[in-house]
**Student:** 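Following this message is one structure expressed as structure tokens.
Residue numbers count from 1 along this sequence. No hydrogens, no waters, no symmetry mates; every other heavy atom, side chains included, goes into these values.
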Amino acid sequence: MKNQDLLGLSSANILNVEFEKKYHDVIAHFFSRDPKYWPIFQDKTIQSITQFRKTTTNDNDQLQRYSNGQQLFDRLMADTEIQQNINYPENDPNELLMLVSTLCKNWENPLAVENVIAMPSDPGVYGSMLGLMGNPNMVYCEYSGVADALEKVTIKKVAKLVGYDPEVASGVFTQGGTMCNLYGYLFGLRKSMPNSKHLGMAADQDYRIINSQGGHYSNMTNLALLGVDVDNKTIRIKVSEDNTINLEHLERELRACFTVKCKVPTIMLTTGTTDTFGVDDVKGVCELRDRLCEEFEIPVKPHVHVDAAVGWPIIFFLEYDFSSNPLAINDVTLEGLRQNVEKFKHLKYADSITIDFHKWGYVPYTSSLVLVKNGNDFVALENDPENFTYFEHELEGQTHLQSTIECTRSGVGIFGAYSAMHYMGIEGYQTIIAHCLQNANYMRHQLLEMGNAKVIVPQNQGPSVGFKLYDPNLVKDPNVAFDLELTCSTDKEAYDFMVHNTQWHRKLFLQRGREGLFTNWVDSIACSKYAKNNRYIYLPGEKAVFMNPNTERAHIDNFMKILTEMSQNMSSKKVAKI
């Protein structure tokens, strides 16, 4: 049975007792801030912070919950000068610092499902604190000591999971997924256009950078940072109905470039788009690239970089035994995982990959890895040796110093990633990831049962649940209404209909405020059908992202009750038309 059919079955969405037992065990050991397991949480200040944050209170109301919160906040805003005298820690616990730490955005709140962000795990915090104490600068092995070895070991672990040869692959931990994607572009540019390193982007023959309309916004902002003529040197490939890159359009554009000997340095893909978890066909793109490069005798192939910042933890399931299902994952989620595993097995064909541990990997900010299939690709990024005169030349080749963008790289992300993987292991990650996906599918099932909700690309079995709500008195069938909205780029009546529906949903979203789950409004939850010259219109909607390990079904049930009641109260008195 297809996953979309399973979604509608209550029996396919059950919570198995065996799974729940494993889930609660993982939560207790790795997400509870329990000093019994993690002595770093024994500090009284830290305990007061973690206890305060165990709440379902809206973030906007936290200041009022905090003792003397408004008074302390006013003091903080007035604290604009460094004092002359020493403040000894035994005499000054610094209430202002505690206030800010306590009232940071609370991702531990089980209602927090706004975006692809999650609370860090206990071992992730533990490892990151050890990294802070060691304070290595990872840009150069002599500045990092044995932390350099920890980075290499951590990269090998991830490379092996992906399917790369760990002895050939390489990478660097850097300051976020945007920086990783920047490396992806740079690898292609420096391999295809080596003169650009010294002479700039206009020095070589004509070129085009290719990415998908469904990719992260950093796919475009990075190009502007690199000095690319975004309007004239970028080709954005259309997306298919499931928000993945359209291979037919990609082939047409690649053929057009190669026919006139226009270089294509980089093709940027995504496996797990932010809003709808679209997973591009990495193998299909790589095979298409290889076939056309052979046909047109292209000496340097386009570098295929995959932004897997959101979706990468699916690799923990690449060796999962779906037949015996040892974790007792429910049917709909098991089938969704099976489908995603087939897609993520193809990550190994990519030339480089963006991996964010600080998202679904449960490591504190920032912990991002750009993983490279062939470590020799870093040679293309190397800058002139004379620019590095105060470093030891005998260590050249043992470090990526001359190839990295940064002059300073923190080791905190490495320590956090290594610690989280060491303690939770594959089984721990599988348990939490499966819990999140079971929540997402339960939410999809409940929305389908609601009657006036359209679930966006439910076959994309990730943690992101996008949906559109319709006035139940105006819309009988949300699928029919949504199909009409998809024609809004060519049909004025459909466009007006879409605008009216969006305003109704937006009003409900704003009136609900932070009741129930803390969801997010998205201006591009779906894309209309394409019109002439590839014109399209984004369709707005709402999303919930189930990466929060603390979110449970009771929270989803309460949210759905609120949605249903508000939909009925806001319902129009007009007669249904669609």
Side-chain angles (χ1 to χ4, degrees), residues 4 211-217 219-220 230-232 234-250 252-253 273-278 444 447-448 450-460 464-512 519-543 563 566-578:
Q4 287 173 270
N211 60 36
S212 167
Q213 290 174 356
H216 189 261
Y217 66 79
N219 291 356
M220 298 304 292
V230 172
D231 291 336
N232 298 306
T234 303
I235 298 175
R236 306 214 75 191
I237 304 300
K238 294 191 294 186
V239 294
S240 301
E241 291 183 0
D242 60 357
N243 284 354
T244 61
I245 194 167
N246 186 298
L247 291 184
E248 292 182 2
H249 187 210
L250 175 60
R252 287 199 301 272
E253 296 294 345
T273 55
T274 303
D275 294 331
T276 56
F277 208 75
R444 293 184 184 104
L447 286 166
L448 291 172
M450 188 176 174
N452 66 312
K454 169 63 182 179
V455 180
I456 308 299
V457 288
Q459 68 270 30
N460 287 2
S464 302
V465 180
F467 60 97
K468 289 175 63 67
L469 298 179
Y470 297 93
D471 183 339
N473 275 347
L474 288 179
V475 173
K476 290 181 179 178
D477 189 335
N479 292 311
V480 173
F482 181 73
D483 288 343
L484 177 59
E485 289 182 333
L486 290 178
T487 66
C488 67
S489 59
T490 56
D491 187 325
K492 176 66 165 56
E493 186 177 347
Y495 179 81
D496 292 340
F497 179 71
M498 182 272 292
V499 170
H500 173 79
N501 292 328
T502 297
Q503 290 173 341
W504 186 89
H505 185 181
R506 176 70 173 167
K507 181 180 178 182
L508 186 150
F509 174 82
L510 292 175
Q511 285 188 2
R512 192 181 77 239
T519 58
N520 205 358
W521 185 260
V522 183
D523 288 332
S524 56
I525 202 68
C527 177
S528 74
K529 293 180 179 178
Y530 291 91
K532 188 177 180 181
N533 298 323
N534 290 336
R535 289 188 300 106
Y536 61 93
I537 294 173
Y538 283 126
L539 277 61
E542 191 171 347
K543 74 172 181 180
L563 274 191
M566 290 193 68
S567 291
Q568 294 298 327
N569 292 337
M570 277 184 52
S571 181
S572 168
K573 302 303 181 183
K574 297 179 181 179
V575 179
K577 296 180 179 179
I578 298 296

**Student:** Within a strict 4.5 Å, meaning less than it, do heavy atoms of the V475 and W504 side chains meet?
**Tutor:** no

**Student:** If you compare all heavy atoms of S464 against all heavy atoms of T276, which two are closest, and at what distance to 0.1 Å?
**Tutor:** CB-N, 4.3 Å

**Student:** Go through it in stages, so that I can follow the logic: the residues are L469 and F509, the test is side chain to side chain contact (heavy atoms under 4.5 Å, CB included), and I'd like the CA-CA distance, side-chain angles, deciding distance and then a yes or no.
**Tutor:** CA-CA 10 Å; L469 298 179; F509 174 82; over 6 Å; no

**Student:** Look up atom CD in Q213 and atom CD1 in I235, then write down how far apart they are to the nearest 0.5 Å.
**Tutor:** 12.0 Å

**Student:** Please test W521 against H505 for side chain to side chain contact (heavy atoms under 4.5 Å, CB included), starting from the C-alpha separation and ending with a verdict.
**Tutor:** CA-CA 10 Å; W521 185 260; H505 185 181; 3.7 Å; yes

**Student:** Are side-chain heavy atoms of R236 and N211 found at a separation under 4.5 Å?
**Tutor:** yes

**Student:** Surrounding CD of Q459 (heavy atoms of other residues, nucleotides or ligands, distance under 6.0 Å), is the total greater than 12?
**Tutor:** yes

**Student:** Between the main-chain N or O of T244 and the side-chain N or O of D242, is there a donor-acceptor pair closer than 3.5 Å?
**Tutor:** yes

**Student:** Got a second to check how far R444's CZ is from I456's CD1, nearest 0.5 Å?
**Tutor:** 11.5 Å

**Student:** Does CD in Q511 sit with more than 12 non-hydrogen atoms of other residues, nucleotides or ligands closer than 6.0 Å?
**Tutor:** yes

**Student:** Return the set of residues passing ring-ring contact (aromatic ring centres under 6.0 Å, His included) with Y538 (not counting sequence neighbours), or none when no residue passes.
**Tutor:** Y536

**Student:** Rounded to the nearest 0.5 Å, what's the gap from NE2 on H249 to OG on S240? Could you check?
**Tutor:** 11.0 Å

**Student:** Do F497 and L474 touch side chain to side chain, with heavy atoms closer than 4.5 Å?
**Tutor:** no

**Student:** Is it true that the side chains of N243 and T273 contain a donor and an acceptor less than 3.5 Å apart?
**Tutor:** no

**Student:** Report the C-alpha distance between S567 and M450 in whole Å, list the side-chain angles of each, state the deciding distance to 0.1 Å, and finish with yes or no for side chain to side chain contact (heavy atoms under 4.5 Å, CB included).
**Tutor:** CA-CA 10 Å; S567 291; M450 188 176 174; 3.4 Å; yes

**Student:** Please list, one pair per line, the donor and acceptor atoms closer than 3.5 Å that link side chains of residues 477-491 to other protein atoms, with sequence neighbours excluded.
**Tutor:**
| residue | atom | partner | partner atom | Å |
| --- | --- | --- | --- | --- |
| D477 | OD1 | N479 | N | 2.9 |
| N479 | OD1 | K454 | NZ | 3.1 |
| E485 | OE1 | Y470 | OH | 2.8 |
| E485 | OE2 | N501 | ND2 | 2.9 |
| T487 | OG1 | L484 | O | 2.6 |
| S489 | OG | K529 | O | 2.7 |
| T490 | OG1 | T487 | O | 3.2 |
| D491 | OD1 | E493 | N | 2.9 |
| D491 | OD1 | A494 | N | 3.1 |

**Student:** Looking at K468 and P540, would you say the former's side chain and the latter's main chain have a donor-acceptor pair under 3.5 Å?
**Tutor:** yes

